[in-house]
2 protein chains.
Amino acid sequence: MTEKEFLASYDPDKYKKPSVTADILIFTINKSSELELLLIKRKEHPFKDKWAIPGGFVGISESVEDAAKRELLEETGIEQGYLEQLYTFSKVDRDPRMRIISVAHFALVPWQLLNFKAGDDAADAKLFKIKMENWELALVAKDGTTLHEKDLTFDHKDIVLMGLKRLSGKLDYSNIAFELLQNKECFTIFELKQIYDAIKGKTSDLGNFRRMFKSRYVSESHVEEINQMSDEFSKKKAQCYRYIG
Amino acid sequence: MTEKEFLASYDPDKYKKPSVTADILIFTINKSSELELLLIKRKEHPFKDKWAIPGGFVGISESVEDAAKRELLEETGIEQGYLEQLYTFSKVDRDPRMRIISVAHFALVPWQLLNFKAGDDAADAKLFKIKMENWELALVAKDGTTLHEKDLTFDHKDIVLMGLKRLSGKLDYSNIAFELLQNKECFTIFELKQIYDAIKGKTSDLGNFRRMFKSRYVSESHVEEINQMSDEFSKKKAQCYRYIG
DNA sequence: GCAAAAGTGTTCTAGCTACACCCATGC
DNA sequence: GCATGGGTGTAGCTAGAACACTTTTGC
């Protein structure tokens, strides 16, 4: 039997298959420099009317990344933003409908680009501030809607926690923080520090942050000074920078 | 329609689904303290008689982790060893048979436990030393069989490279190196250094490594001195340690 | 004047690097 | 005696943390 014959006679549906979804944690930093996560209220069973991470099935002729991108677009109207694969969750009973494997992702989106609306599968969509209270996750929307970690459906609590850990960890050895800037072409050191603080969940020393910024980003040419000053975040004019890569 | 009714009427096979496999990079350190990777020679189409990473389909009622564990057992006879999920690869055309999404893993196995034989799907199985030549991956078996990175089937080159990068990176902030020790209950500092050097691909200063070992592992109680000396790796007797966790 | 950010300087520590040096021992 | 690992010591560099200080400016 040649390879060609083999392929022609191969039956892809011989065995029962799990379904695969791409789920996305959509993070943003709001105007008050707080970390927020987009959740949707489910319109359909299972867990109708509960809050969950957006996601959708991976089609037969698209990659998982494409499915995640599509989902991000549907949910937020964003054509391209930072998107990274997080982890694949596959507990057998994680979905009551049937066997579903979820490839979780996270996206970083500047708040002013976020134009979300309830999608096809969502009765509602909201941004929730992320807090840690008594070592447990708490999610609070602007209108006061409060979710405890146990209120998250499926295994979404695990996904959110892993996402937060990864995000916080990557601040130290990558350039992802820049993805949350309002404007990568013109920003101040303080603005970036706000993003760091929001993700790390603590306020760092401004003087030290400046030095870190200069040695790690300016000296290494990830960023350059531009001929522009800003007083958006302070009374005194501040030097603006441009993100290069 | 209640949730119960919804679930009862739900058809899991409404849409075409991709297949999912768990593939696994099985790393070991050989007697000469070199990093090796287990590859199998494919017995079936596609890519019959080519070398590939072991892997298998994820069944409808097992998690991806379970499938990877099962694969590790089948391929190496190892009941439990270090296993970690690496990344999910999903390019649409990565497998000529059909749409297959691969959740790649890596396993760390001490060489003396490695009792591999060709499994059901393999005509042969071999350990390959990992080298970088001209910035490209080269794999060399003890019998001289040499593979270039382009000889790896599917997208296995990408998987191997990502695995190596992750492995090397995790040495700096985790305890995975201990998983490759012949005996976690009794080992010398030199033995651990050999593992580090093999993975990093360079020899580090022994004196400095000792100090790092003591401040990072002994002082932090990941490891403890035991009442035993070894001369397996040197003429002079060396202090033995025990890995705690 | 006060608060808050812009920006600089200082001091201390911890960790890593590159060494140089001892000891023990098998060949 | 020489190579090799076991083991310690030292000096230098760097990044980070903690903190003090000066400047600008809107309120």
Side-chain angles (χ1 to χ4, degrees), chain A residues 29 31-33 168-169 171-175 177 181-182 186-220 222-241, chain B residues 29 31-33 168-169 171-175 177 181-182 186-242:
Chain A
I29 304 275
K31 278 162 277 191
S32 313
S33 301
S168 168
L171 280 189
D172 299 328
Y173 64 93
S174 78
N175 296 346
L181 288 168
Q182 285 181 54
C186 175
F187 62 90
T188 66
I189 296 182
F190 185 74
E191 218 173 322
L192 191 71
K193 174 183 135 59
Q194 296 290 72
I195 293 172
Y196 269 73
D197 289 352
I199 294 175
K200 292 282 188 185
K202 58 178 183 184
T203 53
S204 51
D205 183 275
L206 225 160
N208 291 336
F209 189 86
R210 278 174 208 291
R211 251 184 303 273
M212 181 281 282
F213 179 82
K214 288 189 177 165
S215 71
R216 196 164 130 196
Y217 295 126
V218 182
S219 305
E220 304 291 320
H222 294 290
V223 133
E224 67 182 9
E225 251 183 46
I226 59 174
N227 189 18
Q228 209 168 331
M229 306 294 272
S230 156
D231 57 359
E232 194 182 346
F233 293 86
S234 68
K235 324 192 165 166
K236 192 167 165 182
K237 297 230 183 280
Q239 177 63 52
C240 288
Y241 295 85
Chain B
I29 304 274
K31 279 162 277 191
S32 314
S33 301
S168 167
L171 279 189
D172 299 327
Y173 65 94
S174 77
N175 296 347
L181 287 168
Q182 284 181 54
C186 175
F187 61 90
T188 65
I189 297 182
F190 185 72
E191 219 173 323
L192 191 70
K193 175 183 135 58
Q194 297 289 73
I195 294 172
Y196 269 74
D197 288 353
I199 294 174
K200 292 282 189 186
K202 58 177 181 186
T203 52
S204 51
D205 183 274
L206 224 162
N208 291 336
F209 188 86
R210 278 173 207 290
R211 252 185 302 274
M212 181 281 281
F213 179 82
K214 289 189 176 164
S215 71
R216 195 165 131 195
Y217 295 125
V218 182
S219 305
E220 303 292 320
S221 298
H222 294 290
V223 133
E224 67 181 10
E225 252 182 46
I226 59 174
N227 189 19
Q228 210 169 329
M229 306 294 271
S230 157
D231 58 356
E232 195 181 345
F233 292 86
S234 67
K235 312 156 187 197
K236 193 168 168 182
K237 297 229 184 278
Q239 177 63 52
C240 289
Y241 295 86
R242 188 171 81 83

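Note on naming: letters A, B, ... go to the chains in the order of the sequence lines (proteins, then strands), and numbering restarts at 1 for each one. Just so you know, these numbers use all the heavy atoms, side chains as well, and skip hydrogens, waters and symmetry mates. The structure displayed is predicted, hence computed values, not measured ones.
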How many Å lie between [atom1] on [X] and [atom2] on [N], as a whole number?
X: A:Lys193; N: D:dA17; atom1: NZ; atom2: P; answer: 12 Å
X: B:Asp231; N: C:dA24; atom1: CG; atom2: P; answer: 16 Å
X: A:Gln194; N: C:dA4; atom1: CD; atom2: C1'; answer: 12 Å
X: A:Lys202; N: D:dA18; atom1: NZ; atom2: C1'; answer: 13 Å
X: B:Glu232; N: D:dT4; atom1: CD; atom2: P; answer: 19 Å
X: A:Phe233; N: D:dT24; atom1: CZ; atom2: C1'; answer: 18 Å

query = Mapping A:Ile189 and A:Lys235 onto DNA chain C by nearest heavy atom, which one lands closer to the 5' end?
reply = A:Lys235
query = Which nucleotide, D:dG7, D:dG5, C:dG7, lies nearest any side-chain atom of B:Ala238?
reply = D:dG7
message = Can you pull out the residues from residues 205-225 of chain B that lie within a 4.0 Å heavy-atom distance of DNA chain D?
response = B:Leu206, B:Gly207, B:Arg210, B:Arg211, B:Lys214
task = Could you check B:Asp205 against B:Arg211 for salt bridge (Lys or Arg N to Asp or Glu O under 4.0 Å), going step by step and ending with a plain yes or no?
result = CA-CA 10 Å; B:Asp205 183 274; B:Arg211 252 185 302 274; 5.4 Å; no
message = Measuring only between side-chain heavy atoms, which start at C-beta, is A:Glu191 closer than 4.5 Å to A:Ile29?
response = no
task = I would like to know whether B:Tyr241 and B:Phe213 meet ring pair (Phe, Tyr, Trp, His ring centres under 6.0 Å); could you show each step before the answer?
result = CA-CA 11 Å; B:Tyr241 295 86; B:Phe213 179 82; 4.9 Å; yes
query = Below 3.5 Å, does any donor atom in the side chain of B:Lys236 face an acceptor in the base of C:dA24, or the other way round?
reply = no
